[in-house]
Amino acid sequence: MDDGHAAPNQGFDGYREYFVGKRQLQKAQEDQLREVCGARPSIFRGCRVHVNGRTDPDREELRREIVMHGGTFVHYLARPSDATHIVAEHVPTAKRRLWRVCKVVRPAWVLACLRSGKLLPWQPYAAAGTEAAAGIVASAGSPQGPRLTCKDPGFIEDFFAKSRLHHLSTWKAALREKFLDRYLRTNEGALNDLRAPPAHILHVDFDCFFATVSGIKAGYQSKTEVPLAVCHGGSSSDVASCNYAARECGIRNGMWVSKAQELCPNLVCLPYTYDAYETVSNSFYEVLEDLKAFDAVYPISVDEAVCVIDRPLDTLSCQELCIRIRAEVAERTGGCVVSIGCAPSLVLARLALKRAKPDGYLVCVKEPIKGGDTQVVSPAHLFETCTLRDLPGIGRAIAEKLLLGFTGHEHTIAQVSQLFSRSELITRLGSITGAKLADLFQGLDDVESSRMLRNPRAYFARKSLSAEINWGIRFDSVPEIDAFLDRLVQYLVSKINELCMTTSQIVLKIARRSSDAPIEPPKYLGMGDCDSFSKSCQLGLATNNPGVISAEIKAAFRMLSCPAKELRGIAVQFLKLREASTSHMPRQLRLPFSTIKPLETPKNRMKASVTELPPVVYKRATPIKDFFERHKRTSNSPSPDFTHMMSAPALCESFLGELPTDLAEEIRREHRIYQKARSSYLQSSRKKVETGVHGNTSEHILENSEILGPITFQNLTSQEKIKSLVREWISQTLRSDGPNHEDLSLFTSYLDRLISGGPRRLPALLSMARLISDQLRIHESYGDKQSFHEWEEYLVRVVLVRLNRCKQLYTQNVEILFDIYPQIDRP
DNA sequence: TTCGTGTGGTAGC
DNA sequence: TATCGCTACCACACGAA
């Protein structure tokens, strides 16, 4: 649609095309706006903002500002998750529950962001009537702002804003993405990939990065004699970073402040200065780029990079380069110190870096001149002076596993390599880790590390996305945890949307207080000693739908059977990521008409369709009942007890009637979620339909084929009976918590069998699509319910995808008209 | 043997 | 008043088919 206007309804694509057209029109207007007004700072980048009700400034003005400053304007809010922010003066009572998980802000937030030129925290601008606004009012007068607990809506963002480890991880991810983007732009294909090991590798790393930067910001010289540490505050907070003056007292990163202060009473504790770390890091990478001395600069972390030179340089030139880098970085960062290890392999460069610290550089060459410069060393020298733990990827666990029975002192690499042959290493540590260590002992890079150099595209590509919180997790009830999981999923979904990706496997990981650990650990709101459990779910079809993901995660939480009060940590992971553009996004389906090859016979057509378009299967690869059976057998494992879930009793309504309304509702809610996880509607209600009065044999459509046998669903052959079952199934599950995935899988398989029956089966397929659409239209009032969205998504992603495929295959033979739900309010 | 799942280890300050 | 114990990725063990 070149003109950007909605096309008239053409068969079953009409609804989608209408919306695609409408969105294109709006997008074109917004693009035009950006063009006319020129580029502005991208303050609202990644934000999807919806404006609700009457506002001041009005909706159009807010829209203009948001769009011009990099944001996306959400015109129609089909569901709360469509927007990251909702702008409203007040939250209508009817929307309070629905919007509970949203960032609902006053228009003042938009204006304040524009004034300050950056995205500001939303909580201080929470709209009247929201929980967040109530929290702010309650804590007014506190200079710190509201103290949020894990039960509060803003907790996740607040926690991440202060978490050093979260910052380190997100910076690293951003650097990798930036590298990849640059690499893909400048190195079309992989022509410049290194085929042989590069000549020189420089491993560059800041000395005590946080401590130095925070120190400089607080007015200390970078090499001050004053012992400094960066921490949040009190005695049980972690030392994130300390300078060398503090290290001389025995203070180490990760140590508690109370212990550090015992070792060094003069210790100066400095606050985190995340903005400054980011600024210095940017300067650091700029220096490495500006030097134009490297064939590649690989990011390792915010303050650490591996630089590669792919041409031979003499030792003196390497030394001069190290000196130059150190001087440039110091100049551009207000005096920050980097140390450098230079060697022909990653592992030797890393060891050289370890020995170069603090405030130095080392060049490792095979045969240094005897009595020459002390900054030039041999591999043997590094092996004799570095410890096993200095090797990359060798942490405490592996070192202990290997050196069991050899404890007593810190072993050097030279000593340990004498103790074990390659085969002994493999026996003790496993095939890959053992071989890796054997390689490292020879100064050679292991397969995994050298992937970074050989195939950076694969090495730096993102394969998963996750969020984890193991601090401040204290819940009293499962509904509170559900609300938290909703928010965490929403957080991740907004991330995955920014990446334009979808996921087809999700994992819930929890930390549960160990039975012998105290209720409250020594660290304030810490996790203490915990057992960890995880549960993964295959979604079958890649999605970014927060409702679908959230429902799975909540069901997974129930399967892990952790009492609410025992929970100390929660993580949600998205695995098997795919580009959103290549997966079938709802309402963004594209019919591949241009790729259709003319086929001569229906038989050929089917053959081609099978090879070119494998059927999409929406299934649950780990049926819940299998999961229960598997875990019943492993009684010696620390896995939780599922037996109470195996026999979830029916609810006694008369008993519930006597309970307080809140409590009764909570129990009903729990029961619905358990039921959804356990129950299959199709299994339980098939008999009812079989014995019903619907249909008669003369109405059989499907089994009349002369070539093909009857296509059954749930042992039913009459299409009327099947439709009756499906109608009842949809109606029931719309009222409750949506369809069971195994049921959907069975139904999808039925649809696929219809398709493989050829064009004659098409009316049956079309009839099923219409039936689902009709049911959704009938139950339009459930439009806000999760179950409604699940059915809607199934219709769009699974059923319509199949109809599209058939349209492509059979359009010459059969007229396909399908008008998708819902009715559209046309402009 | 191969595959999927759950668990655990490592790195950065 | 505390305090902000993340995240991506790989490898291993084990069980099922």
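So you know, we letter chains A, B, ... as the sequences are listed, proteins then strands, and number each from 1.
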Which string of ( ) [ ] | and . matches DNA chain B, if you list each base 5' to 3' and count Watson-Crick or G-U pairs only when both distances are under 3.5 Å?
||||||||||||.

Just to be sure I understand the rule, does A/Arg252 reach a base, reach only the sugar-phosphate, or reach nothing, if contact means heavy atoms closer than 4.0 Å?
nothing

Quick one: does A/Ser417's side chain have a donor or acceptor within less than 3.5 Å of a partner on A/Ile413's backbone?
yes

Atom pair distance, as rounded to whole Å: CD in A/Glu400 and P in B/dG9
10 Å

Phosphate OP1/OP2 of C/dG5: any A/Ser163 side-chain N/O under 4.0 Å
yes

Ring of A/Tyr244, cation from A/Arg247 - is the NZ or CZ under 6.0 Å from the centre and inside 45° of the axis?
yes

Could you tell me whether A/Asp486 and A/Lys554 have a side-chain N and a carboxylate O separated by less than 4.0 Å?
yes

Ion pair check, A/Lys151 and A/Asp476, cut-off under 4.0 Å
yes

Can you build the contact string for nucleotides 7-12 of chain C? Use B for base contact, S for sugar-phosphate-only contact, and - for no protein heavy atom under 4.0 Å.
BSSSSS

Distance between P atoms of C/dC4 and B/dT10 (Å, rounded):
23 Å

Just checking, is any N or O donor in the side chain of A/Asn282 or A/Thr279 under 3.5 Å from an acceptor N or O on the other one?
no

A/Asp207 atom CG is separated from B/dG12 atom P, nearest whole Å, by 13 Å

For A/Phe460 and A/Tyr183, I'd like to know if the aromatic rings sit close, meaning centre-to-centre distance below 6.0 Å.
no

A/Leu228 and A/Ala246 have their tightest heavy-atom pair at O-CB, 3.7 Å

Contact list for DNA chain C against residues 234-247 of chain A - heavy-atom distance below 4.0 Å
A/Gly234, A/Ser235, A/Ser236, A/Ser237, A/Asp238

Looking only at the aromatic ring of each residue, does the gap between the centers of A/Phe160 and A/Tyr491 stay below 6.0 angstrom?
yes

What residues from residues 209-216 of chain A pass a heavy-atom cutoff of under 4.0 Å to DNA chain B?
A/Phe209, A/Phe210

Aromatic stack A/Trp471/C/dG5: centroid gap under 5.5 Å, interplanar angle under 30°:
no

Do A/Ser301 and A/Asp303 meet the criterion of a side-chain donor-acceptor pair at a distance under 3.5 Å?
yes

So, are A/Arg389 and A/Glu410 salt-bridged, with charged N and O less than 4.0 Å apart?
no

Any luck finding a side-chain donor-acceptor pair between A/Asp207 and A/Ser339 under 3.5 Å?
yes

Touch check for A/Gly472, heavy atoms < 4.0 angstrom, all strands: base, sugar-phosphate only, or nothing?
nothing

So, does A/Ser301 get its side chain near the phosphate of B/dA11, meaning an N or O under 4.0 Å from OP1 or OP2?
no

Measure up the A/Phe159 and A/Phe155 rings against each other and bin them: parallel (under 30°), tilted (30 to 60°), perpendicular (over 60°).
parallel

Name the orientation class of the two ring planes belonging to A/Trp171 and A/Phe210 (parallel below 30°, tilted from 30 to 60°, perpendicular beyond 60°).
perpendicular

Before you tell me yes or no, could you show the steps for A/Glu304 and A/His203 under side chain to side chain donor-acceptor pair (under 3.5 Å), namely the whole-Å CA-CA distance, both residues' side-chain angles and the distance that decides it to 0.1 Å?
CA-CA 7 Å; A/Glu304 188 178 347; A/His203 197 144; 2.7 Å; yes

Output, in order, the C-alpha distance, side-chain angles, deciding distance and verdict of side chain to side chain donor-acceptor pair (under 3.5 Å) for A/Tyr277 and A/Ser214.
CA-CA 8 Å; A/Tyr277 306 147; A/Ser214 283; 2.6 Å; yes

Would the distance check show the side chain of A/Thr170 and the main-chain N or O of A/His167 forming a donor-acceptor pair, the cut-off being under 3.5 Å?
yes

With respect to the side chain of A/Arg147, which nucleotide from C/dA2, C/dG5, B/dT5 is positioned closest?
C/dA2

Within residues 387-395 of chain A: residues closer than 4.0 Å to DNA chain C (heavy atoms):
none

Quick one, A/Ser449 with A/Asp446, criterion side chain to side chain donor-acceptor pair (under 3.5 Å). Give me CA distance, side-chain angles, the key distance, then yes/no.
CA-CA 6 Å; A/Ser449 309; A/Asp446 59 285; 2.7 Å; yes

Using side-chain heavy atoms (C-beta onward) and a distance below 4.5 Å, is A/Arg332 in contact with A/Glu286?
yes

In whole angstroms, how far is the P atom of B/dT5 from the NZ atom of A/Lys535?
8 Å

Looking only at side-chain N and O atoms, does A/Gln505 come under 4.0 Å of OP1 or OP2 in B/dG4?
no

Is any side-chain N of the basic residue among A/Asp238 and A/Lys523 closer than 4.0 Å to the acidic one's carboxylate O?
yes

Mind listing the residues from residues 268-282 of chain A sitting with a heavy atom below 4.0 Å of DNA chain B? Number order is fine.
none

Between B/dG9 atom P and A/Leu437 atom CG, what is the distance in whole Å?
17 Å

OP1 or OP2 of C/dG5 less than 4.0 angstrom from a side-chain nitrogen or oxygen of A/Lys523, does that happen here?
no

